[in-house]
Enquirer: 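The structure's right below; bear with me while I get my questions together.
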Protein chains: 2
Amino acid sequence: MIASRGLAGLKTRDLAREIGCANGAVYNLVADVDELVLRVGSRTLRRLDETLSAAETAEHSPQQMLVRIAIAYCDFAAENLELWRAMFEHRMEADKALPDWSVDDQLQLFRHIYKPLAALFPERGTEELGITARSLFSAVHGMVALGLEQRLVAVPLPALRKEIAGLVRAMIDGLIRASELAASPD
Amino acid sequence: MIASRGLAGLKTRDLAREIGCANGAVYNLVADVDELVLRVGSRTLRRLDETLSAAETAEHSPQQMLVRIAIAYCDFAAENLELWRAMFEHRMEADKALPDWSVDDQLQLFRHIYKPLAALFPERGTEELGITARSLFSAVHGMVALGLEQRLVAVPLPALRKEIAGLVRAMIDGLIRASELAASPD
DNA sequence: AAATTTATTGAACGATGTTCAAGTTCGTTG
DNA sequence: CAACGAACTTGAACATCGTTCAATAAATTT
């Protein structure tokens with residue numbers, strides 16, 4: 001239902017009708033709609049993980065790998081727009097904590113970026129690489145999120161992919177140069 | 001009310017009580033809560049615009065300028081967290097179009113990025129610069145959005161600022177290098 | 001076959017955005 | 001000043017949600 005009607009289009013009564021039970025019975029399967037959304041998000045994240053893994057098969061330089069991953073992320077978001085959006089649009093009450101399995105799911109994603117980064121910057125520590133990975137992911141995510149947003153200027157997907165590829169390459173080049181300058185300041 | 005309790009904490013009845021009128025009277029001021037949120041967003045955007053303009057006063061290189069703008073954006077988001085979030089969390093029904101004044105407000109933002117970019121890449125056309133500006137903004141926005149998100153790892157603000165500065169510098173350096181290589185391929 | 005546990009139902013509750021008929025206020029005009 | 005009308009205000013009512021729960025049905029165990 002999220003995939004077809006968006007997160008806002010997910011209603012317990014409609015859902016109950018679709019799976020053939022009373023609306024109250026939904027609460028035998030999940031405690032909340034929050035949990036329901038998180039469980040759908042978990043599946044989506046797993047599919048995203050598989051997609052990114054598939055993009056890593058061929059042997060490429062770390063730079064090319066990172067570009068390929070970013071493009072794969074963009075494509076996945078475009079092809080699974082509502083499911084992907086639901087993961088980021090969903091907000092829980094401030095006092096309710098994310099379940100551990102949901103946090104784990106999310107952290108798994110950074111693995112994909114971490115590996116090529118570690119190859120590019122062997123002198124950096126685990127902590128530092130983790131931060132860089134998160135920054136890189138966030139930047140690409142931002143481009144995809146605003147790029148796929150319809151409400152301002154709609155960007156055609158091919159243009160968006162080109163933009164992302166260009167900026168990821170630029171970011172990595174820039175990071176490498178900064179790293180070199182820091183190592184041997186002439 | 002958005003500033004103190006977040007977008008989800010905005011209720012017409014509470015609002016009516018706070019401004020001292022019946023809940024129905026709210027609809028004399030705005031047609032919707034949608035319009036209400038957009039009007040608040042408009043004010044927020046205007047304050048953001050002023051903040052970014054203030055960051056541009058001193059004379060700096062275009063690179064430094066872009067870094068300063070990104071940091072100013074980050075700081076504004078941190079200091080106006082709920083108001084800033086409300087602008088991006090808010091979703092309208094798919095069929096309802098954004099009013100023109102709201103679209104204008106949003107497009108104004110790119111001005112700040114466009115100017116330094118035009119100085120850096122004088123050979124690029126208006127269209128191309130606009131796309132680059134949007135990409136750069138989206139990337140920084142992504143870093144700020146995920147960085148200020150509490151639900152995964154909470155990043156301390158100083159660390160986030162440093163990350164943003166580093167990645168913006170890297171992006172610009174990378175873009176310049178790519179531009180140079182395209183101009184004189186050796 | 002009876003008893004006990006488990007699952008299901010659908011009515012009911014509370015919150016929320018929105019509407020609207022009725023009432024009120026206030027400026028304009030005769 | 002009185003009477004009219006426009007504009008505003010009110011708060012009850014409606015529809016739509018998520019969620020709960022007592023009653024009922026089904027399944028499992030004894």
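All chains are named by letter (A, B, ...) in the order of the sequence lines, taking the proteins before the strands, and each is independently numbered beginning at 1. These values consider heavy atoms only, across backbone and side chains, with no hydrogens, waters or symmetry-generated copies.
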Enquirer: Heavy atoms under 4.0 Å, any strand shown: does A:L15 hit a base, just sugar-phosphate, or nothing?
Expert: nothing

Enquirer: Near DNA chain D, which residues from residues 19-32 of chain B have a heavy atom under 4.0 Å away?
Expert: B:C21, B:A22, B:N23, B:G24, B:A25, B:N28

Enquirer: Using a cut-off of strictly less than 4.0 Å, decide whether B:T12 has a side-chain nitrogen or oxygen near OP1 or OP2 of C:dG17.
Expert: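 Answer is yes, contact under 4.0 Å.
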
Enquirer: Any Lys/Arg nitrogen of B:R46 or B:E50 sitting under 4.0 Å from an Asp/Glu carboxylate oxygen of the other?
Expert: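 Salt bridge flag = no for B:E50 with B:R46.
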
Enquirer: Rounded to whole Å, please give me the gap between CG in A:D34 and P in D:dC17.
Expert: 17 Å

Enquirer: In whole Å, I'd like the distance from the CZ atom of A:R17 to the P atom of D:dT16.
Expert: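 One finds 12 Å between P of D:dT16 and CZ of A:R17, rounded.
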
Enquirer: Quickly work out the A:M1 CE to D:dC17 P distance and round it to whole Å.
Expert: 10 Å

Enquirer: Between A:R177 and A:E180, is there a side-chain N and carboxylate O pair less than 4.0 Å apart?
Expert: no

Enquirer: In whole angstroms, how far is the C1' atom of D:dG18 from the CG atom of A:L36?
Expert: 12 Å

Enquirer: Can you confirm whether B:K115 sits close enough to B:M65 that some side-chain heavy atom of one is under 4.5 Å from a side-chain heavy atom of the other?
Expert: no

Enquirer: Does atom CD (B:E59) have a neighbourhood of more than 12 heavy atoms from anything else shown, all under 6.0 Å?
Expert: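 12 or below, so no.
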
Enquirer: I'd like to know if A:E149 pairs up with B:R91 as an ion pair, taking the criterion as any Lys NZ or Arg NE/NH1/NH2 lying under 4.0 Å from an Asp or Glu carboxylate oxygen.
Expert: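 Counted as a salt bridge, because a side-chain N and a carboxylate O are separated by less than 4.0 Å.
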
Enquirer: Got B:F76 and B:L52 here, is their nearest side-chain heavy-atom distance under 4.5 Å?
Expert: no

Enquirer: Take the protein atom CG of B:L10 and the nucleotide atom P of C:dT16, then report the distance between them rounded to whole Å.
Expert: 11 Å

Enquirer: Can you measure B:R13 atom CZ to D:dA13 atom P for me and round it to whole angstrom units?
Expert: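 After rounding, the reported distance stands at 13 Å.
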
Enquirer: Grab the NZ-P distance between A:K11 and D:dT16 for me, whole Å please.
Expert: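 Distance, rounded to whole Å: 10 Å.
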
Enquirer: Whole angstrom is fine here: how far is it from CG in B:D14 over to P in C:dA15?
Expert: 11 Å

